[in-house]
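Below: one structure, written as structure tokens.
Just so you know, these numbers come straight off a predicted model, no measurement behind them.
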Amino acid sequence: MNDSIHQLKRDKMAMIGMMIIAILTFIAIFAPYLALYDPLEVNMADRLQMPNEKHPLGTDQLGRDLLSRLVYATHVSITAAALATFMIMTLGVTIGAIAGYFGGIVDQAIMRIVDVLLSFPSLILTIAIAGILGPSLIHLVIAMTATGWVGYSRIIRGSVLSIKEKEFIEGARALGFGNLYIITRHIIPNVISPVIVIATIDMGHIILSITGLSFLGLGAQPPTPEWGTMLNEGRPFMETAPHLMIFPGLMIMITVLAFNFLGDGLRDALDPRMREVMMK
């Protein structure tokens, strides 16, 4: 009974996470229509206002409407995180599938590259690559892709090794289908479930990384509204205008929690074995 209640709570949290993500996605898509003001419009007469009727979340040090900037920042941050996650997942799945399917020298060469990359702290390597490329949100996404694919490739490789000798794969080979067709139509669809779960949870981690590195000046550059950049801009006014850091911080926290809740729910739904373990 207690296990059933626990699972019900997990399903409910997953639904809450999905609803929050849906709302954030809506805001990100329709940001130009939802913002009350131009997020880049400077109005020094209204600088550092606390929340009021005219500006529901107040204004920043340049008099820009904070709510409008948060709306646009949702578009920037969610889009950047989704792009980074997609690129990391695509690259990791592709390389892992090639290594697992062909094996031999190809597998050994790819896995040695993976081992080398895993020997470095990923955050330090990301900072180094982003620093070499120069401060930019696009460069930050590229740097995160260059370091983030290795974990996915190892997971996919292990799954491919266990499935490539199955009867339906042998049957596809016997019918004369090429390697590319077998990998894309038979192998990847059968090993993609754990990757989807990991990618969903990774979205939260990637958002934290993007906002954190933007806070350090390696990501989005002012005056672009982005949660990490807004936190950095509000830091000097933490005592006199705390709302400049509170509201972007809340957006980051809510978004990361939503993806974590959804990821936990997807893990239970897509991995029956994990669900059985949780019920025991």
Side-chain angles (χ1 to χ4, degrees), residues 1-36 56-57 66-90 92-93 141 144 148 151-152 155-156 159 188-212 225-228 230-231 245-280:
M1 183 65 178
N2 290 335
D3 292 335
S4 299
I5 294 175
H6 180 70
Q7 185 60 47
L8 183 60
K9 288 181 179 179
R10 292 175 65 86
D11 293 342
K12 186 179 296 184
M13 297 305 292
M15 289 300 299
I16 292 174
M18 186 182 298
M19 291 174 60
I20 294 174
I21 292 170
I23 293 172
L24 291 172
T25 303
F26 178 83
I27 293 173
I29 294 174
F30 296 101
Y33 305 100
L34 298 176
L36 300 176
L57 297 184
L66 191 61
L67 177 58
S68 299
R69 287 183 63 77
L70 280 176
V71 168
Y72 271 87
T74 302
H75 169 76
V76 173
S77 298
I78 295 292
T79 301
L83 177 62
T85 303
F86 175 78
M87 291 174 62
I88 290 170
M89 183 174 66
T90 301
V93 168
V141 170
M144 295 183 67
Y152 289 84
I155 294 171
I156 287 296
S159 299
I188 291 181
N190 282 282
V191 300
I192 199 68
S193 295
V195 174
I196 294 175
V197 175
I198 295 170
T200 304
I201 298 177
D202 246 9
M203 270 289 289
H205 298 157
I206 289 173
I207 288 172
L208 282 177
S209 298
I210 289 175
T211 54
E226 192 274 335
W227 292 333
M230 293 175 67
L231 282 173
M245 297 193 71
I246 290 174
F247 292 120
L250 284 175
M251 290 297 295
I252 296 171
M253 182 189 73
I254 291 171
T255 304
V256 172
L257 282 175
F259 278 106
N260 287 343
F261 290 156
L262 180 59
D264 288 342
L266 286 177
R267 180 187 61 192
D268 294 343
L270 297 178
D271 191 346
R273 290 172 299 178
M274 180 62 70
R275 191 181 185 95
E276 290 174 4
V277 170
M278 293 299 298
M279 292 295 288
K280 289 180 179 179

What distance do [X] atom [atom1] and [Y] atom [atom2] have between them, rounded to the nearest 0.5 Å?
| X | Y | atom1 | atom2 | value |
| --- | --- | --- | --- | --- |
| D202 | M144 | CG | CE | 8.5 Å |
| T255 | M203 | OG1 | CE | 8.5 Å |
| I207 | I252 | CD1 | CD1 | 9.0 Å |

Which pair of heavy atoms, one from [X] and one from [Y], lies closest together, and at what distance?
| X | Y | value |
| --- | --- | --- |
| Y72 | A35 | CE1-CB, 3.5 Å |
| A31 | H75 | CB-CB, 4.1 Å |
| I196 | T200 | O-OG1, 2.8 Å |
| V191 | P194 | O-CD, 3.4 Å |
| L231 | M245 | CD2-O, 3.3 Å |

Side chain to side chain contact (heavy atoms under 4.5 Å, CB included) partners of [X], counting only residues at least two apart:
| X | answer |
| --- | --- |
| I155 | I198 |
| I88 | T145, Y152, I206 |
| M253 | L250, L257 |
| P56 | L36, D65, L67 |

Practice task
Can you tell me which residue pairs pass the salt bridge (Lys or Arg N to Asp or Glu O under 4.0 Å) test with a partner in residues 247-262, sequence neighbours excluded?
Solution key: none
Handout entry: Stepwise side chain to side chain contact (heavy atoms under 4.5 Å, CB included) test for L24 and M251
Key = CA-CA 10 Å; L24 291 172; M251 290 297 295; 3.8 Å; yes
For residues [X] and [Y], determine if any side-chain heavy atom of one lies less than 4.5 Å from a side-chain heavy atom of the other.
| X | Y | answer |
| --- | --- | --- |
| P248 | L70 | yes |
| L262 | I21 | yes |
| I27 | I78 | no |
| T74 | W227 | yes |

Problem - Any residue meeting ring pair (Phe, Tyr, Trp, His ring centres under 6.0 Å) with F86, in chain and number order, not counting sequence neighbours - result: none
Problem - Partners meeting salt bridge (charged side-chain N to carboxylate O under 4.0 Å, His left out) with D264 (sequence neighbours left out) - result: R267
Problem - Partner residues of S77 under the side chain to side chain donor-acceptor pair (under 3.5 Å) criterion, sequence neighbours left out - result: E226
Handout entry: T85: partners by side chain to side chain donor-acceptor pair (under 3.5 Å), with sequence neighbours left out
Key = none
